[in-house]
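Here is the structure we will look at, set down as structure tokens.
Worth saying up front: this structure is predicted, and the values here are computed from it rather than measured.
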Amino acid sequence: MGGYLNLIIADENEKFINIAKAACDSIADIHLLGIARSEQMLMVKVRNTRPDLILLDITPGLGGIQILDTLKTIDPDLNIIIVCRPGSHRSDILVSALEMGAMECMEKPE
């Protein structure tokens, strides 16, 4: 898939998944590798594909903040952007995510 940004969306929220998928469909250079709604689904997708970027909500069902360590162990160069509902995560958790290797933290659109 040369020239594409290979993306995985890891989120439990169907509304956000639909918004993110629509955004991906509108950008020609993004190749959506798949959706992961659980930690197990995410790990299978990461191991079986070559994502350049993961949009990750650090909910307990997706492994919480600890999933960052696991993902970075699999691929230290993996780019991860944390996505969260406005006001849903404490700032210390988001700072920890950045310290653990997340590229950015951003709020989901409402």
Side-chain angles (χ1 to χ4, degrees):
M1 298 279 136
Y4 287 97
L5 175 70
N6 293 306
L7 173 71
I8 294 174
I9 299 169
D11 203 299
E12 298 173 327
N13 182 296
E14 192 68 31
K15 187 175 182 179
F16 175 72
I17 290 169
N18 290 334
I19 291 169
K21 282 171 57 176
C24 290
D25 289 343
S26 71
I27 302 171
D29 293 339
I30 293 182
H31 179 247
L32 183 59
L33 295 173
I35 308 297
R37 291 182 174 89
S38 70
E39 181 178 0
Q40 294 78 17
M41 288 174 70
L42 176 58
M43 298 313 297
V44 167
K45 289 188 184 308
V46 168
R47 286 190 172 108
N48 292 332
T49 63
R50 303 292 299 176
D52 299 309
L53 177 65
I54 298 175
L55 295 181
L56 173 66
D57 191 342
I58 51 174
T59 62
L62 283 159
I65 194 164
Q66 296 80 13
I67 195 68
L68 286 170
D69 274 336
T70 305
L71 292 168
K72 287 296 190 171
T73 299
I74 292 169
D75 182 354
D77 297 323
L78 185 59
N79 298 304
I80 302 167
I81 296 177
I82 303 301
V83 293
C84 57
R85 285 186 340 265
S88 67
H89 290 293
R90 298 187 335 243
S91 60
D92 60 322
I93 292 173
L94 298 178
V95 168
S96 292
L98 293 170
E99 290 172 344
M100 294 169 74
M103 292 177 55
E104 184 65 67
C105 299
M106 63 180 238
E107 290 185 344
K108 296 177 186 180
E110 294 191 73

Heavy atoms, side chains only, cut-off 4.5 Å: are [X] and [Y] in contact?
X: L68; Y: I82; result: yes
X: L5; Y: I27; result: no
X: K21; Y: I35; result: yes
X: N79; Y: I81; result: no
X: I30; Y: L53; result: no
X: C84; Y: I58; result: no
X: M43; Y: I67; result: yes
X: V46; Y: D75; result: no

Next item on the list: Report whether L62 and I19 are members of the same hydrophobic cluster (ILVMFWY, side-chain heavy atoms less than 4.5 Å apart, transitive linking).
Entry: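 No, because L62 and I19 fall into different hydrophobic clusters, even though each may have its own neighbours under 4.5 Å.
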For residues [X] and [Y], report the shortest heavy-atom separation together with the two atoms involved.
X: E12; Y: G61; answer: OE2-CA, 3.1 Å
X: S96; Y: I65; answer: CB-CD1, 3.6 Å
X: E39; Y: G63; answer: OE1-CA, 3.5 Å

Interatomic spacing from [atom1] in [X] to [atom2] in [Y] - rounded to 0.5 Å:
X: M103; Y: L98; atom1: CE; atom2: CG; answer: 10.5 Å
X: T59; Y: L56; atom1: OG1; atom2: CG; answer: 8.0 Å
X: M100; Y: Q66; atom1: CE; atom2: CD; answer: 7.0 Å
X: I80; Y: I54; atom1: CD1; atom2: CD1; answer: 5.0 Å
X: I74; Y: R47; atom1: CD1; atom2: CZ; answer: 4.0 Å
X: L33; Y: T49; atom1: CG; atom2: OG1; answer: 4.5 Å

Check: Between N6 and D52, is there a donor-acceptor pair closer than 3.5 Å when you use the side chain of the first and the backbone of the second?
Finding: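 Here the side-chain-to-backbone pair does not exist.
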Checklist line | Chi angles and distances behind the side chain to side chain contact (heavy atoms under 4.5 Å, CB included) call for L42, L71 | finding: CA-CA 9 Å; L42 176 58; L71 292 168; 4.2 Å; yes
Notebook entry, point to check: Passes side chain to side chain contact (heavy atoms under 4.5 Å, CB included), D11 versus L55? Steps please.
Noted result: CA-CA 8 Å; D11 203 299; L55 295 181; over 6 Å; no
